[in-house]
Amino acid sequence: MLEILASSNHHITHLPSASNDSKPISNKPNHLQILKKCTHLIQFKQAHAQIIKTPLHQSDTYLSKLINSLVGFSDLIYARQVFDQITEPSTFAFNTMIRGYGTNDLGPEGIELYIRMRHQGLNPDNFTYPFLLKACSGLKQGKGVHSLVVKDKRFSSEIHSLTSLITFYCSFGDVGSARLLFDRMPQRNVVTWTGIITGYVKQKRYKEGIELFNQMKNNGVEINELTLVSVLSASANLGALEIGQWVHEYIDQKRILLNPKLGAALVDMYAKCGHIDKAYQVFKVLPCKGVYVWNAMIGGLAMHGYGIEAIERFWEMQRNGIKPDRITFIAVLSACSHSGLVETGNEILLSMRKDFGIEPSIKHYGCFVDMLCRAGLLNEAYEVIINMPMEPNAVLWGTLLNACAVAANVELAEAAMQRLMVLEPFNDGNYVLISNIYAAKERWNDVGRIRKILKDREISRNPGHSLIQVDNIVHEFLVGDGRHPCSEQIYDMLEKVAIIIKEWSL
DNA sequence: GTAGGGTTAG
């Protein structure tokens, strides 16, 4: 990092020299302004080296502000050196260091500092607990902080500390605890609402996320672009086009700036809700296309079977100076998989490491294996799975098992099933698949054997289901479901669709 | 000088 910065050509132009600094008090704000203008660490350090020569600038206040800037540059080592120079660090200085450690994967150091702070008789303020939570590496530690907040009467109802606790619980997947806190909060703001909504969405509890969003609207709480990103993600995954469209209109109406993340969420929503043309329309006019936006577009084209177009966008993004990341390659490889572009897929997987320096992860191999499977190259897929540099997981073996069910390949299916019985012993779908393969080969004894395993292990069969939203109502259907009032018409339509698909594939 | 975000293979 330092080397990169050192080699860049940034120079400080208007830096007053220390010898000219006859009136340090009046010059002090200028110094801080100079530091604030520095965009690179090396620049900052040069400026600081000049300023620090004046004795006044060794004051605790100055040093604390310096730490704050250094934490902004993620230079924790230097920040700590400065911190250690402070004779009597204030709560602000401690907070800043704890924040620095917490946001740079050095949580334990942050917690240690918090303990030292209390030993020195300093009281936490409303910034301390949110930062301390950032430094927690697990639910257990966070619960510890939670109890500190509860005991500290000044903050047990304070919005920042409680909101941070909510997002903390959500980030560790404990939406239940987050919700308990949320429901009991005396006051909530955008961040509180967005935090809990995002928590539900991350846990794939999209419906509950949308419900909370509706409540948020009814309560007249301000909505910002971060709220909308989560809501778009929920509607994308529910296929709830109307909610997504509502968000789009809201963005236009309120003239909310389409930043790359919001833009990507919008493109992704249209793609997942079946409107790839609309997704492309939004994509085209986005003022600022970051790597997220390209990824969403390529992924969208991939899932709609526009493999060639997806690959074209992949090259186009590079011509536009955007560097592909690991997600881009997942999208590109899935494009190859869904469009049968085996040769291209091969080249891309090799090129990832060679030309882009990105080591393929298990997800990349997952796409690659899926591509081989869909192309009917089951033996090749099996070879890749057992020779990959990492331990294959249930998804990889599951992909192969699925393909074996399509091709009625008993031998490889049994190989996959053997691993899946260990990796996913309670996944009912796997047993159903292998049993179907045996049935296709009329191996009724084996079918009975699998059925017995299911019964003995008390594996409940989870019926397949799907969701669709029409006129703001989300309808849920189970396999063979006949409960819907329009059931008959729905099945009629399904038959018609099936006929059309068959005609297409001929 | 507080807290929250998207895309990811069966």
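Proteins come first, then strands; the chains are lettered A, B, ... in the order of their sequence lines, and each starts at number 1.
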Notebook entry, point to check: For L165(A), which contact category applies under a 4.0 Å heavy-atom criterion: base, sugar-phosphate, or nothing?
Noted result: nothing
Check: Can you check whether K272(A) has a side-chain N or O nearer than 4.0 Å to OP1 or OP2 of dT8(B)?
Finding: yes
Check: Rounded to whole angstroms, how far apart are CG on L181(A) and P on dG4(B)?
Finding: 15 Å
Item checked: Length of the CD-C1' vector between E222(A) and dA3(B), whole Å -> 14 Å
Next item on the list: Kindly say whether F314(A) contributes a backbone atom to a donor-acceptor pair with the side chain of Q318(A) at under 3.5 angstrom?
Entry: yes
Next item on the list: For F368(A), report the nucleic acid contact type (base, sugar-phosphate, nothing); a contact means any heavy atom under 4.0 Å.
Entry: nothing
Check: For Y431(A), which residues count as a ring-ring contact (aromatic ring centres under 6.0 Å, His included) partner, sequence neighbours excluded?
Finding: none
Notebook entry, point to check: Please give, in whole Å, the distance from dG1(B) P to K134(A) NZ?
Noted result: 18 Å
Item checked: Listed nucleotide nearest any side-chain atom of T167(A), set dA3(B), dT7(B), dG5(B) -> dA3(B)
Item checked: E225(A) side-chain proximity, nearest of dG5(B), dA3(B), dT7(B) -> dG5(B)
Next item on the list: Establish whether the base of dG10(B) is bridged to the side chain of E424(A) by a donor-acceptor pair shorter than 3.5 Å.
Entry: yes
Check: Where the side chain of N393(A) is concerned, which of dG4(B), dA9(B), dG1(B) is the nearest nucleotide?
Finding: dA9(B)
Next item on the list: Let me know the distance between CG of L257(A) and C1' of dG5(B), rounded to the nearest Å.
Entry: 15 Å
Margin query: Please classify the nucleic acid contact of N95(A) as base, sugar-phosphate, or nothing, using heavy-atom distances under 4.0 Å.
Written below: base
Notebook entry, point to check: Looking across every strand, which nucleic acid part, if any, lies under 4.0 Å from T96(A) by heavy atom: base, sugar-phosphate, or nothing?
Noted result: nothing
Check: Once the angle between the rings of F172(A) and F168(A) is folded into 0 to 90°, is it parallel (under 30°), tilted (30 to 60°) or perpendicular (over 60°)?
Finding: tilted
Notebook entry, point to check: How long is the line joining CG of L63(A) and P of dG1(B), in whole Å?
Noted result: 16 Å
Next item on the list: Describe the nucleic acid contact of L396(A) in one word from base, sugar-phosphate, nothing, applying a heavy-atom distance below 4.0 Å.
Entry: base
Note to self: Classify D325(A) by what it touches in the nucleic acid, base, sugar-phosphate, or nothing, heavy-atom distance under 4.0 Å.
What the structure shows: nothing
Item checked: Nearest-nucleotide pick for N427(A), side chain only, options being dA9(B), dA3(B), dG10(B) -> dG10(B)
Check: Counting side-chain heavy atoms from CB outward, which of dT8(B), dG10(B), dG5(B) is closest to I330(A)?
Finding: dT8(B)
Notebook entry, point to check: Closer than 4.0 Å, any side-chain N/O of K202(A) to the OP1 or OP2 of dG5(B)?
Noted result: yes
Next item on the list: Find the distance L423(A):CG to dA9(B):P and express it as a whole number of Å.
Entry: 18 Å
Check: If only side-chain N and O atoms of S161(A) are considered, is one of them under 4.0 Å from the OP1 or OP2 phosphate oxygen of dA3(B)?
Finding: no
Check: Which is true for E158(A) with a 4.0 Å heavy-atom rule: it touches a base, it touches only sugar-phosphate, or it touches nothing?
Finding: nothing
Notebook entry, point to check: When all nucleic acid strands are considered with a 4.0 Å heavy-atom cut-off, which category describes A403(A): base, sugar-phosphate, or nothing?
Noted result: nothing
Next item on the list: Describe, in one word, how the ring planes of H275(A) and Y270(A) are oriented to each other, choosing from parallel (under 30°), tilted (30 to 60°) and perpendicular (over 60°).
Entry: tilted
Margin query: Applying a 4.0 Å non-hydrogen cut-off, can you work out what S334(A) is touching in the nucleic acid: base, sugar-phosphate, or nothing?
Written below: nothing
Next item on the list: Select one nucleotide: of dG10(B), dG1(B), dA3(B), the one nearest the side-chain heavy atoms of N430(A).
Entry: dG10(B)
Check: Taking the six-membered ring for Trp, are W193(A) and F182(A) parallel (under 30°), tilted (30 to 60°) or perpendicular (over 60°)?
Finding: perpendicular
Note to self: Output the rounded distance in Å from CD1 (I159(A)) to P (dG4(B)).
What the structure shows: 14 Å
Item checked: Length of the NZ-P vector between K289(A) and dT7(B), whole Å -> 20 Å
Checklist line | Among dA3(B), dA9(B), dT7(B), the nucleotide that comes nearest once only the side chain of I362(A) is considered | finding: dA9(B)
Note to self: Using the side-chain heavy atoms of N224(A), tell me which of these nucleotides is nearest: dA9(B), dT7(B), dG4(B).
What the structure shows: dG4(B)
Notebook entry, point to check: Who are the salt bridge (Lys or Arg N to Asp or Glu O under 4.0 Å) partners of R353(A), not counting sequence neighbours?
Noted result: E359(A)
Next item on the list: Can you figure out which of dT8(B), dG10(B), dA9(B) approaches the side chain of C367(A) most closely?
Entry: dA9(B)
Next item on the list: For R374(A), answer base if it contacts any base atom (sugar-phosphate contacts may also be present), sugar-phosphate if it contacts only those atoms, and nothing otherwise; contact means non-hydrogen atoms under 4.0 Å.
Entry: sugar-phosphate
Next item on the list: Choose from dA9(B), dA3(B), dT7(B) the nucleotide whose nearest atom is closest to any side-chain atom of T163(A).
Entry: dA3(B)
Next item on the list: Using the six-membered ring wherever Trp is involved, compare the ring planes of Y382(A) and W397(A) and label them parallel, tilted or perpendicular (cut-offs 30° and 60°).
Entry: tilted
Check: Within less than 4.0 Å of OP1 or OP2 of dT8(B), is there a side-chain N or O belonging to K204(A)?
Finding: no
